[in-house]
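Okay, structure first, notes after.
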Amino acid sequence: MNYVGRWKFHSIGTLNDENELVYLNAEEYLNSPMTYVDESDEEAVADERRERRQMVGMQIEVCADGALYMLMPLPDGVTQAEIDEAVSAGEIKLCDGMIIDDPKTWEERNGELWIEVGTDMSDDGWAKVADDDSFINFITVRYVKAE
């Protein structure tokens with residue numbers, strides 16, 4: 001498989017009532033119960049909704065040069081002046097209007113996508129992030145290649 005290109009949110013894994021891993025698409029995730037948030041606290045609910053919108057807006061860019069970038073949407077309500085100031089101060093970096101972190105290194109091993117995660121996360125410092133269903137899995141989030 002050719003991993004180079006943009007990958008977008010597909011689904012997020014969560015545990016159901018039977019303690020089984022199930023994947024929720026963006027709409028299901030955005031509308032799922034917030035069991036760990038006090039739903040009577042309007043501010044907490046609003047914060048959780050913002051975080052969920054950020055999560056479903058995330059993307060991955062796999063570059064031919066071996067770099068892999070996580071792209072995060074800009075938070076709601078941020079002005080262009082605030083963005084420009086944060087970029088100028090070196091607080092954030094932008095790519096295609098999205099916030100990026102420093103790149104991770106990726107490589108293909110036997111047709112599978114692996115990224116460098118550090119020796120505190122795996123014995124050799126690498127983790128396989130592609131699965132047999134053509135998703136990139138990052139923690140509990142699955143990404144699908146954008147067309």
Side-chain angles (χ1 to χ4, degrees), residues 1-17 21-109 112-122 124-131 133-147:
M1 168 173 215
N2 180 10
Y3 293 104
V4 173
R6 186 71 56 107
W7 294 71
K8 63 182 181 175
F9 178 94
H10 177 272
S11 52
I12 188 166
T14 188
L15 296 176
N16 65 13
D17 293 338
L21 181 64
V22 295
Y23 285 92
L24 304 177
N25 66 31
E27 184 177 338
E28 292 168 331
Y29 177 57
L30 291 171
N31 295 313
S32 66
M34 300 179 193
T35 55
Y36 44 86
V37 173
D38 177 359
E39 292 194 45
S40 67
D41 182 343
E42 291 180 20
E43 189 174 324
V45 169
D47 287 345
E48 178 63 18
R49 289 200 188 284
R50 267 192 299 280
E51 290 212 17
R52 289 182 181 199
R53 282 193 304 276
Q54 287 287 109
M55 181 66 69
V56 301
M58 290 194 58
Q59 298 178 13
I60 294 174
E61 182 76 29
V62 179
C63 303
D65 67 359
L68 182 146
Y69 293 92
M70 300 297 298
L71 294 93
M72 298 162 277
L74 292 164
D76 291 339
V78 178
T79 67
Q80 188 63 49
E82 292 170 320
I83 294 167
D84 294 343
E85 183 179 327
V87 169
S88 294
E91 295 170 4
I92 64 170
K93 298 176 197 169
L94 294 180
C95 175
D96 294 336
M98 298 182 81
I99 300 169
I100 60 170
D101 285 333
D102 291 333
K104 298 189 176 306
T105 302
W106 73 274
E107 64 182 38
E108 194 169 334
R109 297 181 184 175
E112 299 171 329
L113 181 67
W114 289 72
I115 63 169
E116 191 170 21
V117 294
T119 54
D120 56 330
M121 294 185 72
S122 78
D124 70 351
W126 289 81
K128 177 182 157 190
V129 294
D131 67 20
D133 295 324
S134 300
F135 292 113
I136 289 179
N137 296 291
F138 198 80
I139 307 176
T140 61
V141 180
R142 295 192 303 189
Y143 295 87
V144 65
K145 196 162 189 187
E147 310 245 342

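All values below were derived from every heavy atom in this structure, side-chain atoms included, with hydrogens, water molecules and symmetry-related copies excluded.
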task: Kindly indicate, with the supporting measurements, whether the criterion side chain to side chain contact (heavy atoms under 4.5 Å, CB included) is fulfilled by C95 and E61.
output: CA-CA 10 Å; C95 175; E61 182 76 29; 5.9 Å; no
- prompt: Going through the distances and angles, do V45 and E48 end up as a side chain to side chain contact (heavy atoms under 4.5 Å, CB included)?
  reply: CA-CA 5 Å; V45 169; E48 178 63 18; 5.8 Å; no
task: Run the numbers on M55 and F9 for side chain to side chain contact (heavy atoms under 4.5 Å, CB included), then give the verdict.
output: CA-CA 8 Å; M55 181 66 69; F9 178 94; 4.2 Å; yes
S32 vs T14, side chain to side chain contact (heavy atoms under 4.5 Å, CB included): CA-CA, chis, key distance, verdict: CA-CA 10 Å; S32 66; T14 188; over 6 Å; no
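When all heavy atoms are compared, the tightest approach of S134 to M1 is CB-CE, 4.0 Å. Contact detail for E28 and L24: the closest heavy-atom pair is OE1-CA, 3.3 Å. In plain terms, the two heavy atoms of Y69 and D101 that are nearest each other are CD2-O, 3.7 Å. Heavy-atom minimum distance, V37 versus A44: CG1-CB, 3.7 Å. For W106 against V4, the heavy-atom pair with the smallest separation is CZ2-CG2, 3.9 Å. The nearest pair of heavy atoms linking W126 to T105 is CZ3-O, 3.7 Å.
Between D131 and R142 there is no salt bridge, since no side-chain N of the basic residue sits under 4.0 Å from a carboxylate O of the acidic one.
In this structure, M121 places its CE atom where only 12 or fewer heavy-atom neighbours from other residues, nucleotides or ligands lie under 6.0 Å away. Within a 6.0 Å sphere centred on CZ of R49, heavy atoms belonging to other residues, nucleotides or ligands number 12 at most. For E51, the CD atom is loosely surrounded, since the number of other residues' heavy atoms within 6.0 Å does not exceed 12. Residue K145 qualifies as enclosed at atom NZ: its count of foreign heavy atoms under 6.0 Å is above 12.
Residues satisfying the ring-ring contact (aromatic ring centres under 6.0 Å, His included) criterion with F135, sequence neighbours excluded, are H10. In this view, D65 and C63, A67 satisfy the side-chain contact (heavy atoms from CB on, under 4.5 Å) rule, not counting sequence neighbours.
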Using distance only, find each side-chain donor-acceptor pair of residues 85-92 under 3.5 Å and give its atom names and separation, not counting sequence neighbours.
unit_1 : atom_1 : unit_2 : atom_2 : d
S88    : OG     : D84    : O      : 3.0

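Remark: M58 CE to M70 CE distance equals 4.0 Å, nearest 0.5 Å. L30 contributes atom CG, which lies 9.0 Å from atom CG of N25 (distance to the nearest 0.5 angstrom). Taking OH of Y143 as the start and CD1 of I12 as the end, the distance is 8.0 Å to the nearest 0.5 Å. How far OH of Y3 is from CD of E112: 6.5 Å, rounded to the nearest 0.5 Å.
In this structure, the side chains of K128 and R109 stay at 4.5 Å or more apart for every pair of heavy atoms. Contact annotation: the side chain of I115 approaches that of F138 to within less than 4.5 Å [non-hydrogen atoms, C-beta and beyond]. D102 places a side-chain heavy atom less than 4.5 Å from the side chain of K93. Counting heavy atoms from C-beta outward, W7 and L71 have side chains that stay 4.5 Å or more apart. Considering only heavy atoms from C-beta on, K8 comes within 4.5 Å of V144 through its side chain. Counting heavy atoms from C-beta outward, L74 and L94 have side chains that approach closer than 4.5 Å. A 4.5 Å side-chain heavy-atom check between D76 and R53 finds at least one atom pair inside the cut-off. Considering only heavy atoms from C-beta on, D96 stays 4.5 Å or farther from Q59 through its side chain.
Without hydrogens or angle criteria, E116 side chain to K104 main chain gives no donor-acceptor distance under 3.5 Å.
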